[in-house]
Amino acid sequence: MSSPVSFRVSERDVYISIDAGTSPSDVKAEALQKAWQASEFSAAKLLDPQMLTQTATKYAQHYSKDSNKSIPFQVTIAEIFDAELKLQISDDSMRVTATAIVGFGGKPLTQEMIIAALREKGITSGIQRKGIEALVEHTNEAPPGAEMSVTVAKGKHPINGSNARFKPLADDARKRVLRPQLREDGTADMRDLGAQVTVDPGQPLLQKIPLSKGRPGFTVFGQELEAMDGEDRDFAPGEGTKISDDDPNVIIADRTGLPSFNGNSVQVDDVMQLNNVDVSTGHVKFKGSVIVTGNVSEGMKVTCSGDITVGGYVDSAELYADGNITVQKGCIGRLLNASETGEHDEDADDWIPEVSTKLVAGGSVWCAYAQYSFFDAQNGVHTNKQLTHCHVVTKGPLAIGGEGKAARGKLIGGTIETNDHIYCGQLGAPAGTKTRVYWSLPPADPQSVNHLNHLRSSLAKLIARAKTLQQGLERCKLLEYEAKRVQYQQKLHGELKKIKSRISTTRTSIDSVLEAFENHPTLRTMVSREVFPGILFIFKEKSLRIKEHRNGTMFLLEDKQLRVDSLL
């Protein structure tokens, strides 16, 4: 027996038809619902969720009122919708996100339909085939009305080339400082740093790694994004070195001596060796490196263009080196800025100790321990045991007794000025000795500054070109022949549109570089064992004062804010 209920479609509308004379008891809401689910149109969208119940009610009313039972009852109950596609283009024209909404009984999306929609928007580059396939599968398999968003086109950011760089092929003094010798039991002897690094004629010292070309990018509209090639740098042999005859990108030693590296150059210094520096030798000023096997006595000065290595103590003396300074025992000084009464306000927040021992290095400084000493080192300060009432100024790390959580040395009193990390085992002393840490932000990367200047120069040229094109459009209005005027105007409008797009992209790139300048790496003071009261961290107008005893702790300068964290 056939069902008295049937469905048909006209354009987008779906109709229900009930045979004439059918008893209302045979077409109740449950029966209509069952027939609808079994029909080929069940995916269409009902005009109302209660549409089938309403239809059963209407039919019962129709049956009781209509005396003519020969005409079938018919009413619209649903509508068919094809799958829908929405495209969203990012502000920088680097990404297109497509949202597909599954239709109600209508046609699903096809790859051809999606690609045609992209082309209609002018999107021609970076098409993501897998994303398109996912949308097609979604509109074929997911339930009606379900949404899915994926990336269907993606631009490519330009990759700037790397600058020419230089790779040392021999050890330098700083690497030697950080490589103590091992005892027979396997432990490190921080006082035994091994033999002094020397090189022989013909030994390779420095290799130039050539620049690389930039790889341009593109937007989803196919507009090319310019990439910068790396910058070349001169390869400069220093005194005692020369360019290899076998490889023009390698500098070799031309004599025996101590290698001293300086970016794109290296020199081999002659080495002066002394037993002690005292009144018998006078002050030492030498073009090269100096090795003192014994001590540097009170009031003496050692100045050199290379490295200084002292096998004993530095006692109220001054050392100045363009390279690194190594003191295998200790630096001992005394306080100079006490008043005539012997009083000084060492507990004041802004107190800076003036001390009798000074070490100034263009590289790094290493010593076993130090007290009442001043260190100014570009690449960092490393001590084995303890730093007490010292003044340290450095752009590199300060490590006392090791680095990271392995640090075991003590930092007590004095003032530290740095834009890098600090590592120690103990910070401060039980007596609450005032210890000050002044943090500043690391300087901007020179390559980023050069990139910013290049972008600004490009922007100025683009703006000037845009003004020229605008003036050309104004002059076109004076042309007598309309055909020529229209032709020139169309050409100038097209070029002006491209220039304005490049101006927008360049301004976005400038904003990104400036935003990166505002960010800075997180600076840490890692104390592995104990922190005592009396510690003061300072960054510009902000300060963090420690008033309680703490176990291992991490102090941070993060997003220009001072904060404390646990040491896990």
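FYI, the numbering just counts along the sequence from 1.
- Remark: the backbone N or O of G126 is paired with a side-chain donor or acceptor of Q128 at under 3.5 angstrom.
- Counting only heavy atoms from C-beta outward, the side chains of W36 and I77 approach each other to under 4.5 Å.
- Remark: E120 CD is loosely packed, at most 12 non-hydrogen atoms of other residues, nucleotides or ligands lying under 6.0 Å away.
- Remark: I400 CD1 to L411 CG distance equals 4.0 Å, nearest 0.5 Å.
- Distance check: K395 NZ to S364 OG gives 15.0 Å after rounding to the nearest 0.5 Å.
- Residue-environment remark: CZ (R563) exceeds the threshold of 12 foreign heavy atoms within 6.0 Å.
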Criterion side chain to side chain contact (heavy atoms under 4.5 Å, CB included) on I123 and F221, from CA distance to verdict: CA-CA 5 Å; I123 299 162; F221 296 109; 3.9 Å; yes
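- Rounding to the nearest 0.5 Å gives a distance of 11.5 Å between CD of Q111 and CD1 of I127.
- Salt-bridge annotation for E417 and R436: absent, with no side-chain N of the basic residue lying under 4.0 Å from a carboxylate O of the acidic one.
- Proximity of I243 to V250: side-chain heavy atoms (C-beta onward) are nowhere separated by under 4.5 Å.
- Side chain of D229 to main chain of G214: a donor-acceptor pair is present (N/O by atom type, distance under 3.5 Å, no hydrogens or angles).
- Between D92 and S90, the side chains place a donor N or O and an acceptor N or O closer than 3.5 Å (distance only, hydrogens not considered).
- In plain terms, the two heavy atoms of T522 and R524 that are nearest each other are O-NH1, 3.7 Å.
- Summarising the geometry of I503 relative to A466, their closest heavy-atom pair is CD1-CB, 4.1 Å, with the distance given to 0.1 Å.
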Worked verdict on D565 versus M526 for side chain to side chain contact (heavy atoms under 4.5 Å, CB included): CA-CA 10 Å; D565 202 352; M526 187 180 294; over 6 Å; no
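- A donor and an acceptor atom, one from each side chain of R8 and Q74, are located under 3.5 Å apart.
- With hydrogens and angles disregarded, no donor-acceptor distance shorter than 3.5 Å links the side chain of T22 to the backbone of I18.
- Ion pairing between a basic and an acidic side chain is recognised when a charged N comes within 4.0 Å of a carboxylate O; E231 and R233 show no such pairing.
- In terms of modelled atom types and a separation under 3.5 Å, the side chain of T139 and the main chain of L109 share a donor-acceptor contact.
- Heavy-atom neighbours of E137 CD from other residues, nucleotides or ligands within 6.0 Å: at or below the threshold of 12.
- The closest side-chain heavy-atom distance from L118 to K121 is not below 4.5 Å.
- The shortest side-chain heavy-atom distance between P24 and Y59 falls under the 4.5 Å cut-off.
- Between M94 and T219 the shortest side-chain heavy-atom distance falls below 4.5 Å.
- In this structure, R215 and H157 have side chains that are not in contact, with every pair of non-hydrogen atoms separated by 4.5 Å or more.
- The shortest heavy-atom contact between T76 and L47 is O-CD1, 3.7 Å.
- Between the side chains of S212 and S162, at least one donor N or O sits under 3.5 Å from an acceptor N or O.
- One distance of note links OG1 of T506 with CG of L459; it measures 6.0 Å at 0.5 Å rounding.
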Verdict with supporting geometry, F7 and F41, ring pair (Phe, Tyr, Trp, His ring centres under 6.0 Å): CA-CA 8 Å; F7 302 91; F41 308 111; 7.2 Å; no
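- Nearest heavy atom pair, residue A83 against residue P108, reads CB-CA, 4.0 Å.
- Other residues, nucleotides and ligands place no more than 12 heavy atoms under 6.0 Å from the CD atom of E11.
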Worked verdict on S125 versus V220 for side chain to side chain contact (heavy atoms under 4.5 Å, CB included): CA-CA 5 Å; S125 300; V220 295; 5.7 Å; no
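- The backbone N or O of A464 lies less than 3.5 Å from a partner atom in the side chain of T468, making a donor-acceptor pair.
- Residues F537 and F555 place their aromatic rings such that the two centres sit under 6.0 Å apart.
- Side-chain contact check for S528 and R408: at least one donor-acceptor pair (N or O, by modelled atom type) lies under 3.5 Å.
- Environment of NZ in K213: sparse, with no more than 12 heavy atoms of neighbouring residues, nucleotides or ligands closer than 6.0 Å.
- Aromatic ring centres of F261 and F166: separated by at least 6.0 Å.
- With values rounded to the nearest 0.5 angstrom, S543 atom OG is found 6.5 Å from I538 atom CD1.
- Side-chain N or O atoms of T99 include none that pairs as donor or acceptor with a backbone N or O of K86 at under 3.5 Å.
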Derivation of the side chain to side chain contact (heavy atoms under 4.5 Å, CB included) call for I115 and R129: CA-CA 10 Å; I115 291 174; R129 292 286 178 179; 2.9 Å; yes
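- In this structure, the separation between OG1 on T525 and NE2 on H421 is 9.5 Å, given to the nearest 0.5 Å.
- In terms of modelled atom types and a separation under 3.5 Å, the side chain of T418 and the main chain of G396 share a donor-acceptor contact.
- D13 places a side-chain heavy atom less than 4.5 Å from the side chain of E79.
- Looking at S39, its side chain never comes within 3.5 Å of a backbone N or O of Q37 through a donor-acceptor pair.
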Steps toward salt bridge (Lys or Arg N to Asp or Glu O under 4.0 Å) verdict (K208, D232): CA-CA 10 Å; K208 178 180 179 179; D232 198 10; 3.0 Å; yes
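- If you check the side chains of Q223 and S501, you find a donor sitting under 3.5 Å from an acceptor.
- The minimum heavy-atom distance between T151 and R95, with the atom names listed, is OG1-NH1, 3.0 Å.
- Between N264 and D234, the closest heavy-atom pair is ND2-O, 2.8 Å.
- No donor-acceptor pair closer than 3.5 Å links the side chain of S457 to the backbone N or O of N453.
- By the 4.0 Å N-to-carboxylate-O rule, R550 lies too far from E530 to be salt-bridged with it.
- Looking only at side-chain heavy atoms (C-beta outward), R475 and L473 stay at 4.5 Å or farther from each other.
- With hydrogens and angles disregarded, no donor-acceptor distance shorter than 3.5 Å links the side chain of H549 to the backbone of F532.
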